[in-house]
Structure formats: C-alpha cells, structure tokens
Amino acid sequence: GNWLPYWQLAITIASPRLIMLFNVAACSSLTLLVLLQCWSLLFGFCLIPSYQPSHQNRARALFSSTSEDDVHCYGPLSSTFNELSDEMGGSGRAAVIWDCLRAGIDPNLYYRSDSGIDSSDKAIIESWLEAMSADFDANDIALSKNDVLGKRKDQGLGADALMRLQKLMKQCRSSGTCADDSATESIYTIENSIGSISHIKVSADGTTKLLLRLSRGFEVESVIIPWLDKGFSTVCVSSQVGCAQACRFCATGKMGKMSDLTAEEILCQIYFANKVCRIVSSIAAAGDSSTTLPPCDNVVLMGMGEPADNALAVVRAVSTMADRRMFSLAQSKITVSTVGPKPSSFTTLGSSPAALAWSVHAVDDSLRKELVPTTKFSMEELKDGLVEALKSRSKKLRRTMLEVALIDGVNDSDQDAKLLISLAQSIMADVEGSKVVVNLIPFNDIGHPKYRTPSEENVLGFQKIITDGGVLCYVRTTRGDEENAACGQLATSRSK
C-alpha cells in the first residue's frame with residue numbers, strides 16, 4: 001500500500017535529467033537545420049523549403065514551367081477576395097471596394113472627399129455622343145453612382161483603408177513597368193496604374209469597341225455587344241496583345257504576339273465595359289434613348305490573343321469573374337475559347353470556372369494546318385485532350401462549343417459539315433453528360449486576297465446538314481463589322 005511515494009520519488013529524481021535530455025535534442029536539431037541551410041547556400045540546392053504565398057503555390061502547381069518573372073503583382077482587380085481582405089485589413093473593406101469595381105467605379109477616387117470626381121466619366125459621355133452623332137449636351141447628363149453601389153454605399157473607406165489601397169495600387173503600377181516610370185502621382189488610380197480608354201467606336205447596332213491604353217504602353221481592344229431584346233450585353237475580352245497562332249483569317253494573327261496581358265489587365269477590360277454601360281444608361285435616362293447598353297452579363301475570351309498561351313493570367317482572371325463577391329458572373333456565362341495549341345491546353349484552361357470553346361475551323365488535318373499554320377498536333381490528338389478535360393469537369397461545365405470561321409469555298413463544303421458531325425458525336429459519346437454545339441462564324445473581311453464571306457444561302461445550307469445530323473448548330477450574328485469590331489477583326493485599329 002506504500003508504492004505511490006516510491007513512484008513520486010522516481011519522477012522527482014528523473015525529471016531534471018529528462019529536461020536536460022530534451023534541451024540537448026532541441027539544440028542538436030537547431031544546429032542540424034543551420035548546417036543544412038549553409039550547405040544549401042554553398043552547393044546550390046535547398047533542403048529547407050522557403051515560404052511562398054498560397055496563390056503562387058497554386059499557380060506553380062498548375063503550371064510547373066512558370067518562371068518567377070511570370071508571377072505578377074496582383075492589384076485590387078486580380079487579387080483573390082481573401083488576399084484583398086488581408087491587404088485591406090478586413091473583408092468588409094474588400095466588399096466595399098468590390099461594390100465600386102463591379103459597377104466600373106474607381107474606389108480610389110469615389111471615397112476621397114478631396115478628389116471624388118472621375119474625369120474619365122465625362123470623356124466617355126463625350127466620346128459616346130460623338131460616335132452616335134447625338135445632338136445632346138454632355139453637361140446635362142447626371143451620373144448617379146449611389147444607386148448602383150448597394151447596401152454598403154454609405155459605409156465608405158476610412159483613411160487607413162484608403163492608404164492601404166493606395167499602397168496596393170502603387171505596387172501594381174510599379175510591377176507593370178509603366179511607360180513613364182518616373183511619374184509621381186498624387187493619387188494612384190486604375191487609369192494611371194493599369195489602363196485607360198483611349199478611343200471608343202460605336203456601330204449602328206450599338207456594338208461598342210473600346211481601345212484601351214495600358215499603363216505600360218501597349219494598346220488592346222475589347223468589344224461590348226448589346227442584346228437589347230435579351231436585356232444584357234456580352235463583353236469580348238482579350239488575353240494578349242497580338243497572337244502567336246497566326247490564323248490566316250484573323251487580323252490579330254497578322255500582328256504576331258507582342259505581350260501577354262496580366263490578370264489585372266484582362267479584368268480591367270470588364271471594369272471599363274461595366275463603366276461604359278453604366279454611363280451610357282445615364283445618357284439614355286437623360287433623354288437620348290436612341291441606343292443604350294444593357295448591363296454586362298456575359299464574358300467571352302475571344303478577343304485578341306490565345307488564352308492557352310497565357311493560361312496563368314487567364315485562369316486567375318476567370319476565377320475573379322466567377323467569384324460571387326467580385327464580378328459575380330455565372331460560370332455558364334463565361335466562355336474561354338482556344339485554338340488548342342496542344343492537347344494539354346484544354347485541361348489547363350479547364351481548371352477555370354468557365355465553359356470551354358474549341359476553335360476548330362476545319363476537321364481535316366491538312367485543311368486545318370492551312371488555316372491555322374501553327375498547328376502541331378492532329379485533330380484526333382487534340383480531340384482526346386478535350387475529352388480528358390471535359391471528363392474532369394462538373395457536369396454543368398461539360399457543354400462545349402466547336403467554332404468554325406466559315407470561308408467561302410475553303411471549309412464550307414458538305415464534306416466539311418459531315419466531318420464536324422462526326423467530331424461532335426465522338427466527343428459526346430466519349431464524355432458522359434456532355435453537350436456539343438457547333439457555332440458557325442461567317443468570315444469577316446480583313447483584307448485577305450482570297451478569302452470571302454460565304455453567302456447566307458450557303459451558311460444556312462451548311463447549318464442544316466449539321467442539325468439534320470443530330471448536332472445543335474447556330475450561326476453567330478455578325479455584329480460591329482463596319483467598325484472592325486467583329487470576330488477576327490481586332491487589331492488595335494484607331495481609324496474613325
């Protein structure tokens with residue numbers, strides 16, 4: 001019955017020795033870590049992993065070939081909501097900022113009592129009225145912003161939040177290698193740190209082409225396509241300045257690739273499109289209701305550039321578009337179109353929350369090589385890549401489009417239509433729950449010496465063969481071709 005005191009005595013005697021043993025082990029471990037780090041510095045490899053921000057780790061997991069130079073500083077548009085919350089010191093502040101950005105309002109200006117006026121608003125009004133030849137005084141337009149900011153419109157941003165936002169904007173400007181790096185700004189804004197509208201062209205049907213001048217000197221085009229009967233607009237967004245794919249029927253392909261766009265520069269196109277739609281609605285409300293631009297509800301990455309050649313920025317940008325706390329677009333209303341430079345391109349872009357479209361143009365390998373001269377893989381290999389990508393997606397994102405720029409006497413034969421039927425049916429047979437739609441795009445003139453637009457009769461006949469074969473097929477309505485704003489015509493033209 002007296003065994004308990006002996007155990008207490010044993011523990012009392014052993015405790016100092018155990019503590020000393022743990023201390024020795026800890027010191028030895030620390031010494032070993034220091035030695036390993038020194039070894040890594042001397043011999044050029046690292047045994048102790050360094051910390052990387054989570055979004056960079058995710059990016060490198062998806063794109064193992066991405067270099068450090070490819071990872072850009074993320075500004076307010078391209079930071080994830082959590083990243084922006086961390087930068088701003090709270091999710092409430094991030095939500096206030098996104099209430100502005102979603103409406104095309106610069107929070108750097110709106111919440112400053114000393115400089116709350118955005119001078120670009122009036123410039124957009126004047127450009128629109130000039131483009132529409134409207135006899136209307138720009139000073140009579142009242143731009144109401146509070147009605148689009150929602151329940152947080154009176155919350156505001158305090159001095160600390162504005163200071164944090166300005167720091168983020170300054171970093172974004174510096175990382176973009178601005179054309180005028182020596183400039184010092186009293187206020188860093190989206191216009192002087194990311195990009196600004198330098199020209200607006202409007203077609204008779206309201207299709208509006210925006211020429212954006214980026215802060216690092218390049219120019220890029222995006223297009224707003226209004227669907228008045230449906231009550232929304234579609235924004236056609238660019239992912240690069242120029243394009244390396246050199247498609248024979250595309251004006252952008254003739255430019256060659258000049259630069260990738262950052263995620264910030266991709267997203268600023270939606271920001272400015274929303275801004276223009278909001279301002280044009282104010283013009284209509286003031287009495288000039290001949291033409292208006294409904295809110296942007298659809299985004300297609302079908303502008304300048306090949307998204308697969310700039311996948312890191314495209315995937316991040318699309319994630320921002322679909323985030324309900326940010327641009328809040330439905331995943332089914334975002335489409336990423338790719339020519340498919342290689343089979344893995346579909347899987348890479350398929351990691352984004354958007355529908356996939358494949359710019360096929362011809363199923364026959366030799367003809368496709370003629371139309372897309374950079375083609376390196378057979379159609380069968382590319383189809384297998386698309387199939388694998390679709391299998392890994394949720395069923396609601398297994399709908400895909402096969403796009404064809406239809407050229408008179410080149411790829412509009414009955415045999416070309418039958419090959420498209422076989423391709424579409426093969427994809428649907430291989431991917432459970434998938435739905436394939438063929439989208440015909442009548443060729444838009446780019447000054448090619450031989451290519452011509454097929455007649456309406458030929459286009460409809462081609463469509464009928466495909467639909468009779470059991471495959472959905474639509475003909476894309478040509479919009480904005482008189483202003484070089486139609487599909488395949490984007491090439492940073494400023495001509496009036």
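Predicted, not measured: the structure shown is a model, and the values here were computed from it.
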For [X], check side chain to side chain donor-acceptor pair (under 3.5 Å) against everything at least two apart and list the hits.
{"X": "R248", "answer": "none"}
{"X": "D323", "answer": "R325"}
{"X": "D309", "answer": "Q245"}

Pairing donors with acceptors under 3.5 angstrom, does anything connect the side chains of [X] and [Y]?
{"X": "T234", "Y": "W227", "answer": "yes"}
{"X": "E264", "Y": "S78", "answer": "yes"}
{"X": "S359", "Y": "S337", "answer": "yes"}
{"X": "D205", "Y": "T207", "answer": "yes"}

Between the side chain of [X] and the main-chain N/O of [Y], is any donor-acceptor distance below 3.5 Å?
{"X": "S351", "Y": "T348", "result": "yes"}
{"X": "D445", "Y": "T453", "result": "no"}
{"X": "Y271", "Y": "D106", "result": "yes"}
{"X": "E191", "Y": "S196", "result": "no"}
{"X": "N192", "Y": "I187", "result": "yes"}
{"X": "R476", "Y": "N439", "result": "no"}
{"X": "S198", "Y": "L211", "result": "yes"}
{"X": "R93", "Y": "S85", "result": "no"}
{"X": "R452", "Y": "D408", "result": "no"}
{"X": "S233", "Y": "P294", "result": "yes"}

Atom pairs and distances, side-chain donor-acceptor, residues 299-308, under 3.5 Å, sequence neighbours left out:
from, atom 1, to, atom 2, distance (Å)
E306, OE1, V339, N, 2.9
E306, OE2, A308, N, 2.8
E306, OE2, T338, OG1, 2.6

Practice problem: Enter the distance from Q331:CD to S352:OG here, rounded to the nearest 0.5 Å. | Solution: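 The CD atom of Q331 sits 9.0 Å away from the OG atom of S352.
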
Measuring only between side-chain heavy atoms, which start at C-beta, is [X] closer than 4.5 Å to [Y]?
{"X": "E265", "Y": "V220", "result": "no"}
{"X": "D160", "Y": "R164", "result": "yes"}
{"X": "F462", "Y": "I466", "result": "yes"}
{"X": "V314", "Y": "I266", "result": "yes"}
{"X": "L356", "Y": "R393", "result": "yes"}
{"X": "V475", "Y": "P442", "result": "yes"}

Quiz item: Between R398 and E432, is the closest basic N to carboxylate O distance under 4.0 Å?
Solution: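 R398 and E432: not salt-bridged.
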
Exercise. Please step through side-chain contact (heavy atoms from CB on, under 4.5 Å) for the pair K396 and S332, ending with a clear verdict.
Key: CA-CA 8 Å; K396 68 179 181 180; S332 60; over 6 Å; no

Quiz item: Is there any ring pair (Phe, Tyr, Trp, His ring centres under 6.0 Å) pair reaching into residues 304-327, and which pairs are they, with sequence neighbours excluded?
Solution: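 Of all non-adjacent pairs touching residues 304-327, those that pass ring pair (Phe, Tyr, Trp, His ring centres under 6.0 Å) are W98-F327.
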
Self-check item: Residue pairs passing the salt bridge (charged side-chain N to carboxylate O under 4.0 Å, His left out) test where at least one lies in residues 249-259, sequence neighbours excluded
Solution: K257-D260

